[in-house]
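First comes the structure, then the notes that go with it.
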Amino acid sequence: MSAEKITLTLPDGSARDFPADATPIEVARTVGERLAKAAVAGELDGTIVDLRAPIRRSGKFRVLTPKDPEAGVVIRHSAEHVLADAVERLFPGTIIDAGRQDHSEKFQYDFRFPRGFTSEDLEKIEQEMARIVQEGRPFERKVVTRPQAVEIFKNRKEEIKLVRLEDIPEGDVITVFQHGKFVDLCRGPHVQRTDQIGAFKLIETSGAYFKGDERNEMLQRIYGTAFATKEELDAYFAKIEEARRRDHRRLGRELDLFSFSSLAPASPFFHPKGAIVYNQLVALMRELCREYGYDEVVTPQLFDVELWKRSGHYEAYRENMFFSDVEGREFSMKPMNCPAACLIYATRGHSYRELPLRFADFGRLHRYERSGVVQGLTRVRTFAQDDAHIFCTPGQIGREVDSLFDLMFRVYAIFGFEAPVVYFSTRPEKAIGDPKLWETAEATLERCLKERGVEYVANPGEGAFYGPKIDFVVHDAIGREWQLGTIQLDFTLPARFELAYAAEDGSEGRPVLIHRAVLGSIERFFGVMLEHFVGDLPLWLAPEQARVLPVSDKFLVAARTVRARLAADGLRAEVDERSEKLGAKIRDGELGKVPILLIVGAREAEAGGASVRVRHRGDLGSKTIDEIVATMTTTTKQRALNPWPEEDKEEGRGKKEEGRP
RNA sequence: GCUGGCGUAGCUCAACUGGUAGAGCAGCGGAUUUGUAAUCCGCAGGUUACGGGUUCGAGUCCCAUCGCCAGCUCCA
């Protein structure tokens, strides 16, 4: 086997032959001793491989050094071992579990430790890690047999590792990595020596269930991050700081949009300004519902639990529901709108001719969420969805779903959300309904995805309890994924509610139910969107679209006249009547993120207009009131992202060049 | 729910090892009449989240409750 050859194509384009068991570090040496010394990993056809592992395959190959951004994952992975080593050195007898799968940003390690790690512990551990890094310990890779591996971890009294070892499928190659006295079960890849870990920092500690299952013991986890250089490490923390700046909870308070009270935990209060934004979002969806052939319905909040038993929620969703007893009857607040839609459908007979029937429902929902999981507007206990339930024939599913894709992408584009990630989720463990119906539903939805040609990620077992779903996910400022829109195909509820329609041939058909939301929860969307815009809402959403600033009290009347004209044309505007200097009013307007400031002094009062100052863009000069109203009205109607159209190209170009060296 | 941390004026934060709560901004009043990111002066504002306890004395130490933050688990 070792006589076999492989051909590696190097970055300079040259193709060279090597023995099949050649390792990346050996290949690096043939290129140059300096490259070999700096190497942290190899990369074969885009996959990072360990320096010491035989390559065995022909392909495009290169050597990664700390200068390559891709090397970061290897550095963090190695820092992870150094962390575990440091903890074992400082706290002998600590049982180790395992590190992190995804090293794209952070590393982590779980330990069985009698108490939580304190910040003093972290400091000590960091110092110990620094020592290990400085010692420049080489990482060694060893392929071992299962009995050898058992032997190693038995000797080290690493009982958790023995459990982990059992999880490795029979026949897999088992490798361990060692640096200094520390040995860990690990696939790699790792750097050559610990001193290639340029800069690292421990971030925080937390509890974490063994194997992520809350029925298991809780281990103590330490998080950290590492980079090739101090500069990259600093940039990482600067990014975190930027995320904090955009946090919607902070923006919501500062802009007086919403608040929370300990008397209604995890339930937002939308202040007058926040309610304007909220209602604009709903108005957008109502408008689109009209265009796409929906009928809006309004349904109750509180239902006899009989309904939930019938719908399956009592069986599969009870932990998330609020209950109350009235007159000896048990009631529950609705966590979803779908059963109400079914009840409406069932109030009379239906013909195939009226399908699809699309019921939009902006009803308020209540879901009990465990206290530890609630978070700002993104995870609350009461919210409304831009919800709808489409009753259609099986043959209409394809067209309905296709039209939903149009709607989703159209709406996300309005907010400038980058192409959302599409997930396809199938039958979960806790599901109701006939498995055969599930299979049909899953196959139908997947076919819609394929016919549409959208790229999607399979998410097995993550469907709703009544049907498979397609989810649309966008990323917030901190890189967290948030599910917004969803399309769920449901054959189960129509059966449970015995819904029917008279088919063309006179037989009785059973409608299919499509659940769908575009924004998802209005509350969550509000939060994600606020972070996305850093509070700089586009004109159509801004609670205060313009603020009129009189240069002094002398122009108060003129300012009020400008405001009155804007209001008469349906624009939201205020006058800053304080006896502050203009500079102060501008400052407060900018900090308040008002899109347009209209300055009225002697010149403007006489001409009957205002000087336009656009948020973050500065003075645009005097305009007539007609021009201001016309521009703002158009921008609002178009739901443009930019509050005021850019000036002609020449000026734009000139401005850009000013900033250049 | 679990692990860890936090809770002082509307906001941001002070108050040495326990010695009896203070500043900036915001608010209010007055002066000022202002031309593109902070005018000046004054006033008011707190049972230190809540309830117990230790102590001569608790914002500070201990216990319990509530809420918030991060993570785990879960999720629109």
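A note on names: the letters A, B, ... follow the listed sequences, proteins ahead of strands, and every chain is numbered from 1.
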| said: Need one value for A:Gln220: base, sugar-phosphate or nothing, where a base atom within 4.0 Å counts as base even if backbone is also close, heavy atoms only. | reply: sugar-phosphate
| Do A:Glu369 side-chain and B:rA76 base share a donor-acceptor contact under 3.5 Å? | yes
| query | Touch check for A:Ala464, heavy atoms < 4.0 angstrom, all strands: base, sugar-phosphate only, or nothing? | reply | nothing
| task | Compare the minimum distances between each of B:rU36, B:rU34, B:rU12 and the side chain of A:Lys581, then state the nucleotide with the smallest one. | result | B:rU34
| Which base sits across from B:rG7 as a Watson-Crick or G-U pair, both distances under 3.5 Å? | B:rC66
| remark: Picking from B:rU34, B:rA76, B:rU3, the nucleotide nearest the side-chain atoms of A:Arg524 would be B:rA76
| query | Without hydrogens or angle criteria, can the side chains of A:Arg364 and A:Thr382 be said to hold a donor-acceptor pair below 3.5 Å? | reply | yes
| query | Counting only side-chain N and O atoms of A:Arg249, is one of them less than 4.0 Å from OP1 or OP2 of B:rC69? | reply | yes
| Selected nucleotide, minimal atom distance to A:Ala584 side chain, candidates B:rA38, B:rC68, B:rA76 | B:rA38
| query | Is the shortest side-chain N/O distance from A:Gln483 to OP1 or OP2 of B:rA76 below 4.0 Å? | reply | yes
| task | Look at A:Arg253 and B:rU12 and indicate whether a side-chain polar atom (N or O) is within less than 4.0 Å of OP1 or OP2. | result | yes
| message | Partner lookup for B:rU73, please. Criteria are Watson-Crick or G-U wobble with both distances under 3.5 angstrom; report none if nothing qualifies. | response | none
| said: Please confirm whether the shortest side-chain N or O distance from A:Gln375 to OP1 or OP2 of B:rA70 is below 4.0 Å. | reply: yes
| said: Can you classify the ring geometry of A:Phe258 versus A:His248 as parallel (below 30°), tilted (30 to 60°) or perpendicular (above 60°)? | reply: tilted
| message | Closest approach to the side chain of A:Val373, judged atom by atom: which nucleotide of B:rA37, B:rA76, B:rC74 is it? | response | B:rC74
| query | Looking at B:rA37, B:rU34, B:rG1, which one has an atom nearest to any side-chain atom of A:Tyr368? | reply | B:rG1
| note | Note: for A:Asp471 and A:Asp213 on RNA chain B, the residue whose nearest nucleotide lies more 5' is A:Asp213
| request: Describe the nucleic acid contact of A:Gly212 in one word from base, sugar-phosphate, nothing, applying a heavy-atom distance below 4.0 Å. | output: sugar-phosphate
| field | No-hydrogen, no-angle side-chain donor-acceptor test under 3.5 Å, A:Thr299 and A:Lys334 | value | yes
| Using purine N1 to pyrimidine N3 plus N6-O4 or O6-N4 for Watson-Crick, or N1-O2 and O6-N3 for G-U wobble, both under 3.5 Å, which nucleotide pairs with B:rA31? | B:rU39
| message | Could you tell me if A:Arg367 and A:Tyr317 have a donor-acceptor pair between their side chains, going purely by distance under 3.5 Å? | response | yes
| query | Do we count A:Tyr223 as stacking onto B:rG71 if the rule is ring centres under 5.5 Å and planes under 30°? | reply | no
| query | Under 4.0 Å: is that the gap between some side-chain N or O of A:Ser371 and OP1 or OP2 of B:rG1? | reply | yes
| task | Please determine, for the side chain of A:Arg221, which listed nucleotide (B:rC72, B:rG4, B:rU36) has the closest atom? | result | B:rC72
| said: Just by distance, no angles: are the side chains of A:Gln483 and A:Tyr423 close enough, under 3.5 Å, to form a donor-acceptor pair? | reply: no
| query | What is the minimum heavy-atom distance between A:His313 and A:Pro335, and which atoms define it? | reply | CD2-CG, 4.3 Å
| request: Counting heavy atoms from C-beta on, name the nucleotide in B:rU33, B:rA76, B:rG35 closest to the side chain of A:Ala602. | output: B:rG35
| said: The side chain of A:Ser579 is closest to which nucleotide in this list: B:rA76, B:rG67, B:rU32? | reply: B:rU32
| query | Taking atom types as they are modelled, is there a donor-acceptor pair under 3.5 Å from the base of B:rU73 to the side chain of A:Arg370? | reply | yes
| Nearest-nucleotide comparison on RNA chain B, the residue closer to the 5′ end among A:Glu204 and A:Lys211 | A:Glu204
| task | Describe the nucleic acid contact of A:Ser552 in one word from base, sugar-phosphate, nothing, applying a heavy-atom distance below 4.0 Å. | result | base
